[in-house]
Each structure stands twice: as structure tokens, then as C-alpha cells.
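Okay, structure first, notes after.
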Amino acid sequence: MQIMGMMEKEMEYRVEMFNKLTQTCFDKCIEKRHKESELNMGENSCIDRCVSKYWQVTNLVGQLLGSNRPPM
């Protein structure tokens with residue numbers, strides 16, 4: 001039972017992280033007035049960079065927090 005609870009928490013965390021990533025990069029990269037039905041080249045490049053940086057920072061923070069954790 002405890003493992004299922006941990007798995008649920010992990011899934012909730014991943015969904016929340018994905019939602020934050022999506023909202024952050026959308027707000028940063030997509031024009032407020034949608035002129036076209038598809039992303040233009042500038043928006044596409046911005047999203048690629050935004051997602052890459054977001055994951056780099058997330059991984060770095062995870063490593064830093066993990067290194068400060070006492071062994072179990």
C-alpha cells in the first residue's frame with residue numbers, strides 16, 4: 001500500500017511539473033493574439049529553448065537537493 005501511495009505522489013508531481021513547464025513556456029513564447037493555427041519558427045525555437053532550460057534547471061535542482069539528503 002505504501003508503494004502505491006508513493007507512486008501516486010510521483011505521478012502527481014510529474015503531472016504538476018509538466019503543467020508548469022507547459023504554462024511557463026506558453027506564456028513566454030506564444031504571442032497573446034494567435035494569428036496562425038500553427039507555431040511560427042520563432043515560437044518553435046523559443047519553446048525548444050524554454051523546455052531545454054526548464055529540464056536542465058529541474059535536473060540541477062534535483063541533483064543539488066539529492067546531494068544534501070542524508071543516506072537512508
Side-chain angles (χ1 to χ4, degrees):
M1 280 299 206
Q2 187 177 10
I3 292 175
M4 289 299 285
M6 290 171 55
M7 290 171 60
E8 286 178 12
K9 288 290 184 191
E10 178 71 17
M11 182 59 93
E12 288 173 8
Y13 169 75
R14 289 182 183 274
V15 168
E16 182 181 343
M17 184 179 297
F18 177 79
N19 289 338
K20 285 181 182 178
L21 168 112
T22 302
Q23 190 63 53
T24 298
C25 293
F26 182 88
D27 290 345
K28 179 178 177 156
C29 298
I30 307 301
E31 291 186 34
K32 301 302 177 213
R33 297 179 308 154
H34 303 289
K35 298 176 185 171
E36 303 166 9
S37 61
E38 297 194 16
L39 298 175
N40 64 42
M41 188 177 285
E43 291 169 331
N44 229 347
S45 295
C46 180
I47 289 173
D48 284 345
R49 286 191 309 274
C50 181
V51 170
S52 177
K53 287 179 183 180
Y54 194 95
W55 285 121
Q56 285 175 356
V57 169
T58 299
N59 288 333
L60 179 62
V61 168
Q63 289 173 1
L64 292 172
L65 290 175
S67 68
N68 291 331
R69 199 176 290 164
M72 292 185 173

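Atom CE of M17 is separated from atom CH2 of W55 by 5.0 Å, given to the nearest 0.5 angstrom. I3 contributes atom CD1, which lies 8.5 Å from atom CE of M7 (distance to the nearest 0.5 angstrom).
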Can you give each donor-acceptor pair under 3.5 Å made by side-chain atoms of residues 44-54, sequence neighbours left out, with the distance rounded to 0.1 Å?
unit_1	atom_1	unit_2	atom_2	d
S45	OG	M41	O	3.2

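Partners of D27 by side-chain hydrogen bond (donor to acceptor under 3.5 Å, both in side chains), not counting sequence neighbours, listed by chain and number: Q23. Partners of E10 under the salt bridge (Lys or Arg N to Asp or Glu O under 4.0 Å) rule, at least two apart in sequence or in another chain, are R14. In this structure, the salt bridge (Lys or Arg N to Asp or Glu O under 4.0 Å) partners of E16, at least two apart in sequence or on a different chain, are K20.
Applying side-chain contact (heavy atoms from CB on, under 4.5 Å) to V61 and the options L64, N59, L65 leaves one that passes, L65.
Think of M11 as one node in a network of Ile, Leu, Val, Met, Phe, Trp and Tyr side chains linked at under 4.5 Å; its network also takes in V15.
The minimum heavy-atom distance linking E31 with E43 is given by the pair N-OE2, 3.4 Å.
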